[in-house]
Amino acid sequence: MKLIYKFWLIISVLLLIAIALQLLDTYVSLKYEVEEPKAMGKLGQALNDKESYLKTTIFYLWVSVGYLSINLVLLAKSIFVNVRISDKSSLY
């Protein structure tokens with residue numbers, strides 16, 4: 001059972017890294033594709049739609065980061081609690 005937890009932990013860490021990179025990419029896109037053209041005076045519905053889409057994407061990426069962080073904490077806790085229980089039971 002510990003092997004499944006460790007495998008799940010590794011997958012969660014990899015997903016967290018991938019989501020963090022996607023967040024960075026989305027923030028850069030928001031800055032250079034939306035905020036700079038607005039600062040130069042270029043306005044339009046397409047720009048507003050892109051801004052809305054990017055902000056929605058950022059929100060859902062942050063929700064995913066929160067879920068994976070909680071998932072990682074619970075998995076790490078269950079792995080280490082099981083290890084401590086196993087160590088104590090081997091002493092008897």
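None of the values given here were measured: they were computed from a predicted structure.
For Glu51, the salt bridge (charged side-chain N to carboxylate O under 4.0 Å, His left out) partners two or more places apart in sequence, or in a different chain, are Lys38, Lys55. For Tyr67, the side chain to side chain donor-acceptor pair (under 3.5 Å) criterion is met by no residue, not counting sequence neighbours. For Tyr27, the side chain to side chain contact (heavy atoms under 4.5 Å, CB included) criterion is met by Leu23, Ile58, Trp62, not counting sequence neighbours. The side chain to side chain contact (heavy atoms under 4.5 Å, CB included) search around Ser64 returns Ile19, not counting sequence neighbours. Under the side chain to side chain contact (heavy atoms under 4.5 Å, CB included) criterion, Leu24 pairs with no residue at all, not counting sequence neighbours. Residues forming a side chain to side chain contact (heavy atoms under 4.5 Å, CB included) with Leu74 (at least two apart in sequence, or on another chain): Ile70.
Separating the CG atom in Leu75 from the CD1 atom in Ile11 is a distance of 10.5 Å, to the nearest 0.5 Å. Here OG of Ser29 is found 6.0 Å from CG of Leu54. Values are rounded to the nearest 0.5 Å. One distance of note links CG of Asn48 with CG of Leu43; it measures 7.5 Å at 0.5 Å rounding.
Screening residues 14-32 for salt bridge (charged side-chain N to carboxylate O under 4.0 Å, His left out) gives no qualifying pairs among residues at least two apart or on separate chains.
Other residues sharing a hydrophobic cluster with Ile10 under the 4.5 Å side-chain heavy-atom criterion for ILVMFWY residues are Leu14. Val28 belongs to a hydrophobic cluster whose other members, connected by ILVMFWY side-chain contacts under 4.5 Å either directly or through intermediates, are Tyr32.
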